[in-house]
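These notes concern the structure reproduced below.
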There are 2 protein chains.
Amino acid sequence: MQQRSEETRSKILSSAIKLFSTHGYNAASVDDLCRDAGISKGAFYHHFKTKQDLFLALLDGWLQTIDNAIEASKELTAPETFMRITEAFPYIFETAGEGLPMFLEFWLQASRDEKIWQASIKPYHRYHKHFTALIKKGVDEGSFVEVDPELTSRMIVSTAMGLLLQSLMDPKGAKWEKVARESTAMLIDNLLKK
Amino acid sequence: MQQRSEETRSKILSSAIKLFSTHGYNAASVDDLCRDAGISKGAFYHHFKTKQDLFLALLDGWLQTIDNAIEASKELTAPETFMRITEAFPYIFETAGEGLPMFLEFWLQASRDEKIWQASIKPYHRYHKHFTALIKKGVDEGSFVEVDPELTSRMIVSTAMGLLLQSLMDPKGAKWEKVARESTAMLIDNLLKK
DNA sequence: GAATAAAAACCGACTGGTCGGTTTGTTTTT
DNA sequence: AAAAACAAACCGACCAGTCGGTTTTTATTC
């Protein structure tokens, strides 16, 4: 079918991830992207309307993986889900160094660009609701103490984001994976019924 | 003396804050800055060696205000200090919308630019140590339960940063000031001796 | 299944414009 | 008058996006 087309598109996508994370959205020019992907500028603009369009495609793909992860943990109990997340910490912090700057870039773009904000805010709300529901489920199941699910959700997400940010700022300043594990333990300890 | 010179410098500085926050470091050109400040490019490059030099000057000034705030609360007890911080929440969240994007920009630049990273990481370590010492003081004073000050410090800072980030992402998604107050209450409640 | 037509994918030189920084010259301060 | 502060024209590099033309793939006809 359009096998070559698919290949080109994915070459652009992975070059974009690579260059956007290392040099940033602005610093990585379309020419750079094309050179790295080994394609021409014409091919690039055949697949993406603009540079921002590519950016949005990247965002989409990234949100998709989160949706998949959520889907995969749908039938677990609340404490089990938290355990799953904890188990993913080593992988998360290992890959944070490459992926996080781009994540920050998304944030920055979203705070200034209406189109990107719209594309980000909906999934953000979806994830927040999912997480809140998860905590509420834990409370209803009787495994968590009576907390405000909404508030607790905001807190947990905050802690996670803050830890990731700090680990980006100062990767060698602490054993971040350990800090994350102990923080989670502390949070869960306060959440679990004794 | 060099009164006019001082004036020009501060005009550049405040225009930089204004334009960097609204449009971003890259998008705000030196020409834009000069136009906004009402000066010429010659004047700009008389005061700052490069655009990045201006950026670093901004960072310096901002770190100075933090140092001042810390200095001003040096003789308070640990719980009193936390109270002070809580009282500052309304102001912090009010001004977050303008200042935060620039803060994020600092972060992003720091993660990619050795010079800016060096200028950021030292104060970051200083603040972390100060905060850790504050918690240790609270434990020693007997007002806090026995926690790991290092870990607790990382957690509290994470929560604060995460809340600020979320409020940037979705300013109207929650009453962030209220979430912050309740989160603090929750954290302190777990910290204070009963 | 070979020939042909149509469509999709791709190429790369080119454009209009921007940007960080420099240079040269003028005004102001001391 | 010397030095510091500022103005304005200028420079070369760069960059997102375009466009006319070419190659490859797919669909159609015989």
Side-chain angles (χ1 to χ4, degrees), chain A residues 1-59 102 105-106 108-109 112-116 119, chain B residues 1-59 102 105-106 108-109 112-116 119:
Chain A
M1 291 283 198
Q2 64 284 57
Q3 185 156 347
R4 191 158 80 110
S5 176
E6 280 286 331
E7 251 175 54
T8 304
R9 190 188 152 88
S10 76
K11 269 196 278 183
I12 296 175
L13 248 19
S14 54
S15 283
I17 291 174
K18 180 171 142 195
L19 296 186
F20 283 171
S21 353
T22 50
H23 305 308
Y25 176 77
N26 284 297
S29 72
V30 177
D31 283 313
D32 291 337
L33 282 174
C34 293
R35 201 176 313 122
D36 188 88
I39 55 128
S40 74
K41 221 164 177 182
F44 177 92
Y45 280 98
H46 176 77
H47 286 276
F48 301 96
K49 242 178 58 194
T50 63
K51 193 185 178 187
Q52 185 187 272
D53 195 43
L54 164 65
F55 190 79
L56 284 168
L58 238 38
L59 180 61
M102 212 172 79
E105 199 114 49
F106 277 133
L108 213 46
Q109 294 278 338
R112 286 200 261 260
D113 188 304
E114 177 68 18
K115 215 168 175 180
I116 293 181
Chain B
M1 294 282 199
Q2 63 285 55
Q3 186 158 346
R4 194 158 79 110
S5 177
E6 281 283 334
E7 254 174 51
T8 303
R9 192 188 152 88
S10 76
K11 269 196 280 186
I12 296 174
L13 247 20
S14 53
S15 282
I17 291 175
K18 181 172 143 194
L19 296 186
F20 282 171
S21 352
T22 51
H23 306 306
Y25 176 77
N26 283 296
S29 72
V30 177
D31 283 312
D32 291 337
L33 282 175
C34 294
R35 201 177 313 122
D36 188 87
I39 55 132
S40 74
K41 228 168 169 180
F44 177 93
Y45 279 97
H46 176 74
H47 287 277
F48 300 97
K49 245 178 57 195
T50 63
K51 193 186 177 186
Q52 184 188 274
D53 196 42
L54 164 66
F55 189 78
L56 284 168
L58 237 39
L59 180 61
M102 210 171 78
E105 199 116 48
F106 277 132
L108 212 47
Q109 294 278 337
R112 286 199 262 259
D113 188 305
E114 178 68 18
K115 216 167 176 181
I116 292 181

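Each chain gets a letter, A, B and so on, in the order the sequences are listed, and its residues count up from 1.
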Whole-Å gap separating [atom2] ([N]) and [atom1] ([X]):
X     : N      : atom1 : atom2 : value
B:L54 : C:dG20 : CG    : P     : 11 Å
A:R9  : C:dA8  : CZ    : C1'   : 15 Å
B:E6  : C:dT29 : CD    : C1'   : 15 Å
B:F48 : D:dA5  : CZ    : C1'   : 14 Å
A:D53 : D:dA16 : CG    : P     : 15 Å

According to a strict under-4.0 Å criterion, is [X] in side-chain N/O contact with OP1 or OP2 of [N]?
X     : N      : value
A:H47 : C:dC10 : yes
A:T50 : D:dA16 : no
B:H46 : D:dC6  : no
A:S5  : C:dA8  : no

With sequence neighbours excluded, tell me which residues meet side-chain contact (heavy atoms from CB on, under 4.5 Å) with [X].
X     : value
A:T50 : A:Q52, A:D53
A:S10 : none
A:S29 : A:D31, A:D32

Between atom [atom1] of [X] and atom [atom2] of [Y], what is the distance when rounded to the nearest 0.5 Å?
X      : Y      : atom1 : atom2 : value
B:I12  : B:I39  : CD1   : CD1   : 4.0 Å
B:M102 : A:L108 : CE    : CG    : 11.5 Å
B:E105 : B:I116 : CD    : CD1   : 9.5 Å

Please determine, for the side chain of [X], which listed nucleotide ([options]) has the closest atom?
X     : options               : value
B:S40 : C:dA8, C:dT22, D:dA7  : D:dA7
A:I39 : C:dC11, D:dA7, D:dC6  : C:dC11
B:Y45 : C:dT22, D:dG17, D:dC6 : C:dT22

From CA spacing to verdict: side chain to side chain contact (heavy atoms under 4.5 Å, CB included), B:L54, B:L33: CA-CA 11 Å; B:L54 164 66; B:L33 282 175; 3.6 Å; yes

Within residues 19-27 of chain B, residues whose heavy atoms come under 4.0 Å of DNA chain C: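 The answer is none.
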
Nucleic acid contacts - residues 28-36 of chain A versus DNA chain C, non-hydrogen atoms under 4.0 Å: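 Of all residues in residues 28-36 of chain A, none places a heavy atom under 4.0 Å from DNA chain C.
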
Donor-acceptor contact present, side-chain B:R112 to main-chain A:S21, <3.5 Å: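 Yes.
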
Sequence neighbours excluded, every pair satisfying salt bridge (charged side-chain N to carboxylate O under 4.0 Å, His left out) that has a member inside residues 11-26 of chain A: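 As it turns out, the salt bridge (charged side-chain N to carboxylate O under 4.0 Å, His left out) pairs with a partner in residues 11-26 of chain A, which skip direct neighbours, are A:K18-A:D36.
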
Any residue meeting side chain to side chain donor-acceptor pair (under 3.5 Å) with A:Q109, in chain and number order, not counting sequence neighbours: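 With neighbours one apart ignored, the set is empty.
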
ring-ring contact (aromatic ring centres under 6.0 Å, His included) contacts in which one or both residues fall within residues 28-47 of chain A, not counting sequence neighbours: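 ring-ring contact (aromatic ring centres under 6.0 Å, His included) check on residues 28-47 of chain A returns A:F44-A:F48.
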
Sugar-phosphate only, base, or nothing, as touched by A:K41 at under 4.0 Å among non-hydrogen atoms: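 Here A:K41 touches the bases of the nucleic acid.
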
B:Y25: partners by ring pair (Phe, Tyr, Trp, His ring centres under 6.0 Å), with sequence neighbours left out: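 B:Y25 satisfies ring pair (Phe, Tyr, Trp, His ring centres under 6.0 Å) with B:F20, B:F55 once adjacent residues are dropped.
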
Each stem that DNA chain C is part of, given as range with range (3 or more consecutive Watson-Crick or G-U pairs, under 3.5 Å):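 For DNA chain C the paired stretches long enough to count as stems (3 pairs minimum) are C:1-30 with D:1-30.
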
